[in-house]
Structures are given as structure tokens and as C-alpha cells.
Protein chains: 2
Amino acid sequence: MSDTDSLPERKRGSGVKMVYDLLRDEILDLRIAPGSPVDEVQLAERFKMSRTPIREALVRLAGEGLIETLPNRSTMVSNIDFLNLNTLFDALVLMYRVTTRLAAQSHRPEDLPIIRGFHEDYAAAVAARDTLAMIATNVAFHAAIAEAGRNPYFTGLFRRLLDEARRILRLYYQSYEEQFPQRFVDEHAEIIAAIEARDVEAADRLGKAHAEQIVAQVQKLFSRNDRLDIAL
Amino acid sequence: MSDTDSLPERKRGSGVKMVYDLLRDEILDLRIAPGSPVDEVQLAERFKMSRTPIREALVRLAGEGLIETLPNRSTMVSNIDFLNLNTLFDALVLMYRVTTRLAAQSHRPEDLPIIRGFHEDYAAAVAARDTLAMIATNVAFHAAIAEAGRNPYFTGLFRRLLDEARRILRLYYQSYEEQFPQRFVDEHAEIIAAIEARDVEAADRLGKAHAEQIVAQVQKLFSRNDRLDIAL
DNA sequence: TGTATTTTTCTTGTCGACAAATAAAATACA
DNA sequence: TGTATTTTATTTGTCGACAAGAAAAATACA
């Protein structure tokens with residue numbers, strides 16, 4: 001694989017961030033399977049740098065729970081905890097509500113163009129049936145709404161939840177290729193309208209409904225898979 | 001200062017955790033002032049180890065927002081963001097509600113003795129007028145309730161919020177030494193009762209009231225200080 | 001042939017040293 | 001004396017090497 005086959009001229013502090021961002025994306029897009037071993041020397045060779053900056057990137061990833069470190073022994077990509085998916089869904093629904101509500105309450109005029117921009121990106125991805133782009137732009141859309149709510153603690157947790165959900169959605173879209181996401185586009189438009197009108201209650205309600213609908217779809221899929229697994 | 005004047009025999013992976021825990025406590029108890037510079041070589045000398053494990057501990061602390069690093073330049077203890085305290089309070093109130101509610105909903109019998117234990121520790125700290133112990137045991141009490149709710153995403157955010165609040169409460173108790181915490185002890189007892197009775201609505205209501213009361217007190221103090229600052 | 005023990009291997013954890021980047025100090029110049 | 005430029009100093013970022021720990025492999029022994 002020709003990853004970093006560009007100029008070996010790297011700036012001083014940039015290596016860590018690069019490794020961090022790249023590994024993070026690969027993990028969240030399921031390009032690296034959960035449970036896969038993460039080898040420091042291998043990464044050092046791949047990125048053509050010493051183990052030290054690699055290690056720092058791994059420590060950061062471990063801090064976000066994306067990888068797990070066994071003391072003195074291997075490091076691996078965190079598994080998806082299917083048994084506790086409901087806790088993830090609970091947290092997601094609440095954060096959808098809270099961030100949308102806060103955005104309606106305290107957004108500024110300059111926030112709306114940004115949100116609309118991601119909304120259009122998402123619509124374009126749906127039209128193009130580009131699954132990875134759909135997932136990424138959907139996350140960006142809701143993250144932008146959260147930013148407009150201006151509570152860093154909520155946006156921080158929400159981002160993390162959306163990241164974790166990114167892996168699940170990746171599985172979801174791998175299994176089923178349905179055309180329903182158009183519905184999500186419409187719901188997004190409604191949410192924007194509620195935020196713009198500063199209708200806090202409507203924003204809350206729409207955010208909740210939007211989240212619960214996605215969760216229900218995913219749960220339906222996984223229960224189907226569960227039954228399949230048992231049947232085999 | 002004779003910090004680590006014990007045996008130089010350290011186990012292999014223990015250094016990082018030790019430095020991390022110690023620095024974290026010092027920061028949260030305001031033993032290191034916000035804005036203070038954090039020097040790697042100094043810490044390396046103090047803990048008698050190389051800069052590498054120190055660095056790893058600092059990366060973890062930075063990941064939690066407890067320290068801030070300027071690229072290629074100094075590292076310092078994060079300042080308390082007084083201008084955005086309301087976002088912290090908003091998040092805290094919501095998490096008090098959610099964790100108490102969830103605890104009432106899905107706690108197990110073995111959780112209650114743990115919660116009661118911290119409740120008694122807190123009562124003892126109040127009786128002894130030990131400010132630092134009061135803050136620490138109060139955090140432990142609510143963290144235990146959150147654990148009983150069994151949603152790792154909520155407990156994670158809640159712990160972080162309580163940590164940040166620890167620094168503020170430290171300021172609070174430095175300024176005013178009032179005897180009202182007995183009221184908190186009583187409220188804690190009510191909360192435990194609601195959880196035990198699995199009364200979800202009552203737990204929610206009590207958690208919210210408890211949080212809002214603390215927030216109101218702290219806000220009153222800071223608004224007083226603000227006026228004082230302006231007057232000077 | 002099966003089990004206990006030793007040896008090997010592989011990965012991580014730690015170290016000391018050097019290079020780069022920035023701020024502070026010193027110097028030159030008007 | 002005030003400002004621009006060079007030099008020094010200090011702190012971080014990166015490197016290569018070595019040691020420790022744990023699993024796997026190999027060996028010894030019954």
C-alpha cells in the first residue's frame with residue numbers, strides 16, 4: 001500500500017496528528033476490523049517515523065476508547081460492544097435532543113449557512129448513493145448543529161457518540177442498501193427550519209424523533225441478525 | 001519537597017499511572033494553580049524517571065482538557081473558563097438528572113451499599129469540616145450513583161464534569177465556610193431513598209433540584225465576586 | 001504420550017541524546 | 001535612545017537502542 005509516498009519532509013509536530021487522524025478514520029470506517037492487533041513497529045515503518053510519535057497517537061486513541069491496550073502485551077482496535085448497544089442509543093437520543101434544542105435556543109445567524117452546507121452535502125451523498133460520504137456528512141451535519149448550541153461538554157460527548165455510531169452505521173449500510181435515506185434528508189430540513197425559527201420545543205421533538213427512528217431501524221436490523229445467528 | 005522518597009523500585013507500567021493520578025489530583029485540588037507552567041524535565045527529575053513516561057501522562061491529561069499544550073512551546077494547567085461557566089452548569093444539571101434517573105431505573109441490589117458508603121463518608125467529612133474530603137466524597141457519591149445507572153457514556157461525561165466542578169468548588173469553599181452542607185447530606189439521603197424505591201420521576205426531580213441548588217449557590221458567590229472585582 | 005520446565009521470541013516500556021522551534025537576550029545600527 | 005537584527009537559551013519533538021514482561025515454542029522428564 002502506498003500511503004505516505006510523498007516527500008519525506010514532515011513538519012515538526014505534524015506526525016502525531018497525521019497518524020492519529022488517519023488511524024481514527026480507518027477505525028471508524030471499519031477499514032481496520034475491531035479486534036485487529038495494532039503493532040507499533042509496523043506503524044512506525046508504514047509512516048516512516050520513530051515509535052515515539054506513533055505511541056503518542058495511540059495514547060490519544062486509547063483515551064477515546066478507540067483502541068485498547070493490554071499492559072506489556074498487545075494493543076488492539078476496540079470491539080463493538082453489541083450487548084450494550086442500548087446504552088449508546090440512549091445517550092445518542094438524549095444528545096440529539098439536547099443539541100438540537102440548544103441550537104434552536106442559542107444559535108447565531110452565521111451558524112445557519114454552515115449547517116445548510118452540510119445538509120446539502122448529505123443530500124448530494126444520498127443522491128450519489130455514496131455510503132461512506134453519507135455517514136460522514138450526516139455526522140458533520142449534526143456536529144454543526146451541536147456547535148451552534150455552544151456547549152462544549154455536550155458537543156464533546158455527542159461527537160464521541162456519533163463516532164461510535166459511525167462504526168455501527170457502516171455495518172448497517174454494508175448489510176442493507178435501501179433507499180430510505182431520502183426521508184432523513186427531509187427530516188434534516190425540518191430540523192433546520194425549527195432551529196431557524198428558534199422553536200425550542202419543535203427542535204427538541206424533531207431531534208428526538210429523528211434519533212429514535214434511526215435507532216429503531218438499526219435495532220430492527222440487529223435483531224434480525226441475532227435471529228439469523230441463532231438459526232445457523 | 002519529598003514526594004517520591006520511597007524505594008526506587010518501580011514496576012514497569014506503573015510510572016505513567018502514578019504521575020497521571022498525582023498531577024490530576026494536584027490540578028483538581030488547585031494545589032497547582034490554573035495557568036501554571038508544566039515543565040517536563042522538572043517533572044522527570046521530581047519523579048526520577050525519563051521524560052517519556054511523563055510525556056505520556058501529560059498527553060492523557062491534555063486529552064481530558066486538564067492541561068493545554070502550545071506547540072513547540074510551553075505546557076500549562078488549563079484555566080478555569082469563568083465566562084462559560086453556564087455551559088458547565090447546564091451540562092451538570094442534566095447529568096445529575098439523567099444519572100440519578102437511570103440509577104433508580106436499573107440499579108442492582110449490590111449498588112446500594114456502595115452508594116450508602118460514600119454517603120456516610122460525605123456525612124463524616126461534613127461533620128469534620130474537612131473541605132477537601134467533602135468535595136472528594138461528594139464526587140465519589142454521585143459517581144457511584146452514575147455507575148449504578150450503567151451507562152458508560154453518561155458516567156464518562158459526568159465524571160469529567162464533576163472533575164471540572166471540583167476546581168470550582170475548591171474556590172467556593174476557600175472563600176466561604178458556611179455550615180449549610182448538612183442540607184446536602186439530607187438531600188443525598190432523599191436521593192438514595194428514591195433510587196431504592198425505583199421511583200424514577202422522584203429521582204429525576206430530586207437530582208435536578210439538588211444540582212440546581214448547588215449551581216445557584218455557586219452562581220450567587222461568583223456574581224458577588226464579579227461586583228467586587230468591578231468595584232476595585 | 002502427556003505434562004512440567006526451560007528457552008526463545010515478540011511486543012511493549014523506558015532511557016539518554018540530539019535536533020528543531022520558539023522566546024528571550026544581546027548586539028548593531030540609526 | 002529606540003528599533004531591527006543576530007545570538008543565545010530553553011523547552012519541546014523525535015530518534016535509536018536496550019531492558020522487561022508475557023506468550024509461544026522447544027525441550028526434558030515421567
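Residue numbers start from 1 in every chain, and the chains themselves are labelled A, B, ... in the order their sequence lines are given, proteins ahead of strands. All heavy atoms count here, side chains included; hydrogens, waters and symmetry mates do not.
Remark: DNA chain C forms stems of 3 or more consecutive Watson-Crick or G-U wobble pairs, all pair distances under 3.5 Å, at C:1-30 with D:1-30.
B:K11 NZ to A:N72 CG: the interatomic distance, rounded to the nearest 0.5 Å, is 12.5 Å. One distance of note links CE of B:M95 with OG1 of B:T155; it measures 10.0 Å at 0.5 Å rounding. The CG atom of B:L28 sits 11.5 Å away from atom CG of B:L169, with the distance rounded to the nearest 0.5 Å.
As judged by a 4.0 angstrom heavy-atom cut-off over every strand, B:E40 is placed among residues touching the sugar-phosphate backbone only. Residue A:T75 is in sugar-phosphate contact alone, with no base atom involved, counting any heavy-atom pair closer than 4.0 Å across all strands shown. Contacts of A:V59 with the nucleic acid, taken as non-hydrogen atoms under 4.0 Å apart, are absent.
Checking A:S14 against B:R12, the closest nucleotide of DNA chain D that is more toward the 5' end is the one next to A:S14. For B:R51 and B:G15, each mapped to the nucleotide of DNA chain C holding its nearest heavy atom, the one lying further toward the 5' end belongs to B:G15. Toward the 5′ end of DNA chain C lies the nearest nucleotide of A:P71, the other residue of the pair B:N72 and A:P71 mapping further downstream.
Under the rule for a ring-ring contact (aromatic ring centres under 6.0 Å, His included), the partners of B:Y96 that lie at least two apart in sequence or sit in another chain are B:H142, B:F158, B:H210.
Side-chain proximity of A:S50 to D:dT14, C:dT11, D:dT12: nearest is D:dT14. Picking from C:dC15, C:dT12, D:dT12 the nucleotide with the shortest atom distance to the side chain of B:P53 gives C:dC15.
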| said: Go through it in stages, so that I can follow the logic: the residues are A:D25 and A:R166, the test is salt bridge (Lys or Arg N to Asp or Glu O under 4.0 Å), and I'd like the CA-CA distance, side-chain angles, deciding distance and then a yes or no. | reply: CA-CA 10 Å; A:D25 268 348; A:R166 228 171 110 179; 3.2 Å; yes
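Heavy-atom neighbours of A:R150 CZ from other residues, nucleotides or ligands within 6.0 Å: above the threshold of 12.
Taking only distance into account, the side chain of A:R73 never meets the base of C:dT12 through a donor-acceptor pair shorter than 3.5 Å.
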